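This one's a predicted model, so the numbers in the text were calculated from it and none came from an experiment.
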Amino acid sequence: MSLALALVTGAALVACCGPAVLRLCFRHVADPVAMLLGWLGLIVAVTATFVLATVMLLAPGGTRRWALHDLAGICWHWAQPSRPPAVDEIGGAAAALVLLVVLARFTATCARRALRAHRAHRAHADLLTLAGGPSERGEAAVLWIPHPTPMAYSLGGSRGLTVLASAAGDLPADQLAAVLSHERAHLRERHHLLVAAVEGLAAAVPWLPLTRQAPAAVRLLVELRADAAAVRECGPTAVRDALLTFAGAPHPPSALSMAGDDVAIRLQRLQGRRPHRRNLLARAVLASTALAAPLGAGVVTGILFCL
């Protein structure tokens with residue numbers, strides 16, 4: 001087995017087994033940033049390893065050259081009619097085709113989602129303008145809409161927007177402050193963009209467990225991250241009460257709600273002595289392990305096949 005095929009095999013193994021390992025880590029790691037680094041690092045590493053293996057498969061000859069000026073030589077090598085294609089080259093062509101299809105589907109999905117999110121944001125921004133809300137950049141935009149059910153969610157974009165139902169105005173001051181802190185953390189750290197990216201990747205590559213399960217995991221982790229910001233500013237009691245108040249509230253698909261589908265897990269995390277505590281060691285270990293896992297698995301696979 002060539003090194004390139006070993007890398008593809010290792011990346012595929014990590015993409016299939018990685019989510020189970022990350023779920024196991026989630027039980028023992030309280031820092032949501034560390035888990036986010038694990039998921040995102042694994043996605044980046046698997047993608048990069050597959051791209052590297054594709055380039056290696058397509059490179060002509062036994063010696064792999066990587067300079068840009070070798071592109072003409074590669075094309076000439078492929079164009080020779082008297083030479084049957086090698087197995088590596090057939091695999092490389094198939095892998096390149098897969099990459100192009102994935103890229104096209106990812107781009108189209110992200111474009112559709114961005115258009116829907118822009119329309120939702122524009123509609124809410126028009127309501128904010130009619131209500132006489134803040135118009136200058138830098139002001140915290142909060143839109144109050146008439147609704148009997150307490151709702152709270154945020155919309156991303158160049159000018160983020162926090163939306164609250166009028167029923168939320170009757171909440172205690174600490175709960176309202178916790179909700180605002182939570183949603184502003186989403187906007188400040190660009191969580192909407194992160195969620196949209198992994199959802200687009202899941203739509204483009206639905207057959208891999210890593211990409212298929214990433215959207216739900218990332219959504220939960222960004223909520224835990226926003227909870228951590230609210231806990232630091234308002235305390236765990238206010239965040240817990242706000243979660244119970246807003247549980248199950250409706251929100252647009254492109255928005256991040258105060259209380260979505262993972263309220264039980266978030267409440268369980270708040271019961272700890274130090275909920276969402278920062279762990280720099282866990283961040284470093286998970287990030288480095290995730291980035292090295294596909295390459296390491298590929299090298300080990302190649303060695304095992306050579307034995």
Donor-acceptor contacts under 3.5 Å from residues 93-104 side chains, at least two apart:
none

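- Within the model, atoms CD of E183 and OH of Y153 stand 10.5 Å from one another, a figure rounded to the nearest 0.5 Å.
- Residue R188 places its CZ atom among more than 12 non-hydrogen atoms of other residues, nucleotides or ligands, all under 6.0 Å distant.
- Take R266 and apply the salt bridge (Lys or Arg N to Asp or Glu O under 4.0 Å) test, not counting sequence neighbours, and it matches E223, D227.
- Here the closest heavy-atom approach between residue V263 and residue A247 is recorded as CG2-CB, 4.2 Å.
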Under the side-chain contact (heavy atoms from CB on, under 4.5 Å) criterion, do L155 and T162 qualify, and how do the steps go? CA-CA 6 Å; L155 297 167; T162 298; over 6 Å; no
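- Grouping the Ile, Leu, Val, Met, Phe, Trp and Tyr side chains by contacts below 4.5 angstrom, directly or via other members, places L161 apart from L115.
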Given side-chain contact (heavy atoms from CB on, under 4.5 Å), test L270 with L243 step by step and report yes or no. CA-CA 11 Å; L270 286 172; L243 283 174; 3.6 Å; yes
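- Under the 4.5 Å side-chain contact rule for hydrophobic residues, I265 and V222 share a cluster.
- The shortest side-chain heavy-atom distance between V163 and V142 does not fall under the 4.5 Å cut-off.
- Closest approach of V239 and A230 over heavy atoms only: CG2-CB, 3.6 Å.
- A heavy-atom distance below 4.5 Å is found between the side chains of I145 and M151.
- Using modelled atom types, one side-chain atom of D31 and one backbone atom of N279 make a donor-acceptor pair closer than 3.5 Å.
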Would you give me the side-chain donor-acceptor pairs under 3.5 Å for residues 195-205, sequence neighbours excluded?
unit_1, atom_1, unit_2, atom_2, d
E199, OE1, R113, NH1, 3.1
E199, OE2, R219, NE, 3.0
E199, OE2, R219, NH2, 3.3

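- The shortest heavy-atom contact between P215 and T211 is CD-O, 3.2 Å.
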Using residues 19-30 as the side-chain source, report each donor-acceptor pair under 3.5 Å to any protein atom, sequence neighbours left out, with the distance given to one decimal.
unit_1, atom_1, unit_2, atom_2, d
R23, NH1, Q213, OE1, 2.4

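- At a threshold of 4.5 Å between non-hydrogen side-chain atoms, the residues F246 and S257 do not count as touching.
- Under the salt bridge (Lys or Arg N to Asp or Glu O under 4.0 Å) criterion, D262 pairs with no residue, sequence neighbours left out.
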Between W39 and L210, is the side-chain contact (heavy atoms from CB on, under 4.5 Å) condition met? List the steps. CA-CA 8 Å; W39 277 96; L210 177 63; 3.8 Å; yes
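- Residues satisfying the side chain to side chain donor-acceptor pair (under 3.5 Å) criterion with T47, sequence neighbours excluded, are absent altogether.
- Using a 4.5 Å cut-off on side-chain heavy atoms (C-beta onward), D174 and C234 make no contact.
- Under the rule for a salt bridge (Lys or Arg N to Asp or Glu O under 4.0 Å), E233 has no partner lying at least two apart in sequence or in another chain.
- A 4.5 Å side-chain heavy-atom check between T54 and F50 finds at least one atom pair inside the cut-off.
- Counting Ile, Leu, Val, Met, Phe, Trp and Tyr side chains that sit under 4.5 Å apart, directly or through other members, L193 stands alone, with no cluster partners.
- The two residues A141 and G160 make their nearest non-hydrogen contact at CB-O, 3.9 Å.
- L291 and L13 are not part of a single hydrophobic cluster, where members link through side-chain heavy atoms under 4.5 Å apart.
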Quick one: do L194 and L36 satisfy side-chain contact (heavy atoms from CB on, under 4.5 Å)? Show the steps, please. CA-CA 10 Å; L194 183 60; L36 275 172; 4.2 Å; yes
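- With sequence neighbours excluded, the residues that form a side chain to side chain donor-acceptor pair (under 3.5 Å) with H192 are S154.
- Hydrophobic cluster membership of L281, counting Ile, Leu, Val, Met, Phe, Trp and Tyr whose side-chain heavy atoms lie under 4.5 Å apart directly or via other members: V285.
- Of all the heavy atoms in L7 and A53, the pair that sits closest is CB-CB, 4.0 Å.
- For the pair L221 and P32, the tightest heavy-atom approach, listed with the atom from each and the gap, is O-CB, 3.7 Å.
- Interatomic distance, H186 NE2 to S181 OG, rounded to the nearest 0.5 Å: 10.5 Å.
- Tracing side-chain contacts under 4.5 Å through hydrophobic residues (I, L, V, M, F, W, Y), one never reaches L176 starting from L187; they form parts of separate clusters.
- Legend: residues meeting side chain to side chain donor-acceptor pair (under 3.5 Å) with T245, ordered by chain and number and at least two apart, are Q175.
- Cluster partners of L37, by chain and number: V33. The rule joins Ile, Leu, Val, Met, Phe, Trp and Tyr whenever side-chain heavy atoms lie under 4.5 Å apart.
- At most 12 heavy atoms of other shown residues, nucleotides or ligands fall within 6.0 angstrom of atom CZ in R278.
- In the hydrophobic clustering of this structure, V218 does not group with V44; members are Ile, Leu, Val, Met, Phe, Trp, Tyr whose side-chain heavy atoms approach within less than 4.5 Å, directly or through other members.
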